[in-house]
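Just so it is clear, the model here is predicted, and its values are computed rather than measured. Below, each value reflects all heavy atoms present in this structure, side chains not excepted, and no hydrogens, waters or symmetry copies. We count ligands from 1, going down the list as the structure has it; atoms in each ligand are counted the same way.
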Amino acid sequence: MSDITTPVPTQLTIYNNIRSITNSLSYPSLLAQLSFWQWTLITLTSIFIWKIITARLLTPLSKMPGPFWETVFSYNMYKSLFQGEFHTYLLNQQHKYGPIFYVARNRVCISDPNDARHILSKKTFIKSKVYNMSILGAPNIFTTKDPKFNEMRRRQIGPAFTVSHISEMEKIIHDQTVVSLKNKIEALLNKNAQQTGVRECRINYVKDFYYMMFDVVSELAFGKSFGMLERGDFTILGYMHSMSFLAATEAAVPFTLEKEWIMKKQRDDARKLVAYTKKIVQDRIRENQEKGKPERKDILQSFIDSVDKETGNKMSIQEIVSENIVLLFGGTDTASNTMSWTLFLLMIYPEVYKKVVQEVREAFPNPKSSIKYSEARSKLPYLEAVLYESMRLLPVVPAGLGRTVPKEGAEFQGYKIPGGTTIYVFIQGLHRNPKYWDQPDKFIPERFLGEGAAERKRNVFIFSTGYRICPGRNLAWMEMMLPMSRLLRDYDFELPKESHFGPDVIDPLTGEPKIMPGHLGLVFGPRYPDRDGWIVIKPADLSAFSIPIDNSNSSSNLEIQSNRAFSNEDKETEGGGGSTPLSAVSTTSTLV
Ligand code: HEM
């Protein structure tokens, strides 16, 4: 055993190196005499000292609380990023240091709602350089850092996302969500009933919600469904995964940007997706010329028709391609994971589940009726509160909307932040800030009902806020409310017996039911969908809910009318990012 006072070889080597350096200091030919290892040691020591000086002494950020060594080397931050745990890392730091902290070299994390609103509403705080998707070949609304371009693009794509346009697409959305899912579930129920005599089945809801959202967005933005849920066709998904990997790598390691020899397969797949999308757009334009415009409303046609009222600019084919692909990234796993987290939370909080089921079945007791979106929003306030609370507790974009501080610098919570610093507006941190949320780790949908609910909804930043607010938020609400309301009315759900989770599986850290592990890639979703994504489904017994005789043309009518007009209050939203004036959907306007 080595004596504790005896230096281990590495210490000895370092000691000898330092001694030989200090000895050699007395000679003028110092540099010439240094060995390779001495040079290396001097260089590393200088870098170390320089990093400490610049990261801790020469910057006003050093006055801010934050982990000392992390702000010098950022090792744990990068580790958490690669492990898909960046949000957990930030949340732990927030517990230690509060709602503003120096997270890593040149980076600050903020989780106060007033600061967040200020940063996200100012056009001088531009998106940070992590937003890149070089392969798309044309700038788009999401990756652009230029506020002027973003404004113009919002004027161009805005009409596709107005409440009135979305309501005209309701039939398509209904068919691709409610009808598709129900077809799959009913087929499984029938098959099982034949085989076992029990009308019960299992689906992997995490995966099926994901495929379902691809089918909706592709039907709307590509004019035809990719058929993932319906036909199990995953060709496009493969291309998408390659493209996300490419985008994430280019964002994390900017050196790889546009380097053809790196990630060749991913670049090839991404090009295939671009080519496929281009053909779809060209085909629609040709059809427009040959047969006239289609009768049905969709996002693709709206993009083709769009003209910027200020400049008169139309979008080129390449620009439409770029925007359509952005929609595949922005509009699919965001909405599907929100639905998955919501259903999971309902399973581990049975009292909430019971209450929301009761609400839906009482409001829509006729098992044969479909549920229109406007009716769901007006008659199901508890379901809406459940979705808000799920988005607060487990936001699918939890960590860091990165913004660059303008060159004149900024000041938040008494701390000066120099120009060029990246600020992470930390969504999950905002949603768990104990100054604004009572029992922040607990799932309590009631907080979004009654007095103070409007203000609390304003403090949910799930769709961001300000001038880069999510233009797809009204569409997302419809895509989630339609299937959620129908599933909860028509079926009973429970976690499989072998599930690792349930109301009695308590997380010792929070004292609340344990949440299944998540993973933050581009979006935050369940980490092990193959293991944790299963749910048992049985047909609901609605006989306890009286079925009113319905002669009106409202909720009990079986068919959803597409192309129906909404009320006079319905206006086009400015630039697609504006408010949602329909009284029935007024809650979304609080996010603007
Ligand atoms: C629950 C579902 C959704 C959530 C939580 C969500 C969340 C967000 C957030 C947080 C941003 C801001 C990102 C940033 O600044 O970095 C954003 C932007 C965006 N979202 Fe969504 N989104 C959802 C659904 C959709 C849908 C359905 C679409 C369209 C089909 C869509 C299209 C977009 C686009 C194009 C942007 C870029 C806007 C810009 O940068 O100016 N999103 N979304």
Side-chain angles (χ1 to χ4, degrees), residues 116 119-121 123 125-133 136 139-158 160-161 165-166 169 173 176-177 209-210 212-214 216-222 247 251 298-300 302-303 322-342 387-388 390-392 394-404 422-428 430-431 460-481 484 522-525 575-577 588 591:
I119 294 163
L120 294 171
S121 62
K123 291 188 179 158
F125 285 81
I126 58 168
K127 276 194 172 182
S128 63
K129 57 177 183 274
V130 296
Y131 295 87
N132 264 320
M133 250 181 176
L136 293 182
N140 59 65
I141 181 169
F142 181 63
T143 56
T144 183
K145 293 175 196 55
D146 177 1
K148 284 224 162 349
F149 176 84
N150 185 271
E151 272 171 32
M152 180 194 71
R153 190 44 52 86
R154 273 174 187 262
R155 287 193 298 270
Q156 289 172 322
I157 75 161
F161 295 101
H165 194 252
I166 290 168
M169 301 188 294
I173 297 166
Q176 293 299 326
T177 55
F209 290 167
Y210 182 60
M212 175 185 85
M213 286 304 172
F214 269 103
V216 184
V217 175
S218 55
E219 185 72 52
L220 295 175
F222 288 68
D298 63 21
I299 292 177
L300 175 58
S302 174
F303 282 6
S322 186
E323 296 302 341
N324 277 4
I325 292 177
V326 159
L327 296 190
L328 283 186
F329 281 97
T332 49
D333 45 0
T334 43
S336 73
N337 283 330
T338 302
M339 279 182 63
S340 294
W341 287 122
T342 307
L387 277 161
Y388 261 109
S390 156
M391 296 194 277
R392 179 197 70 81
L394 298 170
V396 292
V397 188
L401 303 184
R403 297 294 185 265
T404 306
T422 297
I423 293 189
Y424 293 130
V425 178
F426 178 28
I427 305 291
Q428 189 162 35
L430 287 158
H431 292 180
V460 173
F461 286 80
I462 182 78
F463 294 110
S464 182
T465 190
Y467 82 103
R468 301 296 294 258
I469 192 170
C470 171
R473 63 201 184 284
N474 292 326
L475 174 61
W477 270 105
M478 184 182 277
E479 287 170 338
M480 297 189 295
M481 281 298 263
M484 284 305 282
L522 290 180
V523 169
F524 176 61
T588 49
L591 294 171

Logged contact type for Met391 with ligand 1, heavy-atom cut-off 4.0 Å, is neither
**Asked** Is the shortest distance from a heavy atom of Met213 to ligand 1 less than 4.0 Å?
**Response** no
*Sub-4.0 Å heavy-atom approach of Arg154 to ligand 1*: yes
The atoms of ligand 1 lying under 4.0 Å from a heavy atom of Leu475, numbered in the order shown, are 30 (C)
Counting from 1 in the order shown, the ligand 1 atoms closer than 4.0 Å to a non-hydrogen atom of Thr338 are 1 (C)
The atoms of ligand 1 lying under 4.0 Å from a heavy atom of Glu479, numbered in the order shown, are 27 (C)
Counting heavy atoms under 4.0 Å, the part of Asn150 that contacts ligand 1 is side chain
Candidates Arg468, Glu323, Met480; heavy atom nearest atom 39 (C) of ligand 1 found on Arg468
>> I'd like to check Leu300 versus Leu220 (side-chain heavy atoms, cut-off strictly below 4.5 Å). Are they in contact?
In response: no
The atoms of ligand 1 lying under 4.0 Å from a heavy atom of Pro471, numbered in the order shown, are 19 (C), 20 (N), 33 (C), 34 (C), 35 (C), 36 (C), 38 (C)
In ligand 1, the atoms that come under 4.0 Å of a heavy atom of Ile462 are 5 (C), 7 (C), 10 (C)
Asp298 meets the side-chain hydrogen bond (donor to acceptor under 3.5 Å, both in side chains) criterion, sequence neighbours left out, with Arg284, Arg296
Checking heavy atoms under 4.0 Å, the part of Arg473 that sits near ligand 1 is neither
For Gly331, the ligand 1 atoms with a heavy-atom partner under 4.0 Å come out as 25 (C), 26 (C), 27 (C), 28 (C), 30 (C)
The side-chain contact (heavy atoms from CB on, under 4.5 Å) partner of Ile462 among Pro395, Pro398, Ser390, Cys470 is Pro395
Check: Trp341 ring centre within less than 6.0 Å of Phe209 ring centre: no
Only one of Arg154, Arg153, Lys148 passes side chain to side chain donor-acceptor pair (under 3.5 Å) with Asn150, and that residue is Arg154
The option among Thr144, Val523, Ile469, Leu401 carrying the non-hydrogen atom nearest to atom 13 (C) of ligand 1 is Leu401
Among Gly466, Ser464, Cys470, Pro147, closest by heavy atom to atom 42 (N) of ligand 1 is Cys470
Ligand 1 atoms nearer than 4.0 angstrom to some heavy atom of Ala476 are 2 (C), 24 (C)
Nearest heavy-atom contact between Arg392 and His431 is NH1-O, 2.8 Å
Closest heavy-atom pair, Asn324 versus Phe222, reported as atoms and distance to 0.1 Å, is O-CE1, 4.0 Å
Within 4.0 Å of some non-hydrogen atom of Val396, the atoms of ligand 1 are 5 (C)
Residues at least two apart in sequence or cross-chain that pass side-chain hydrogen bond (donor to acceptor under 3.5 Å, both in side chains) with Ser336, listed by chain then number, are none
| field | Arg403 N/O under 3.5 Å from ligand 1 N/O | value | yes
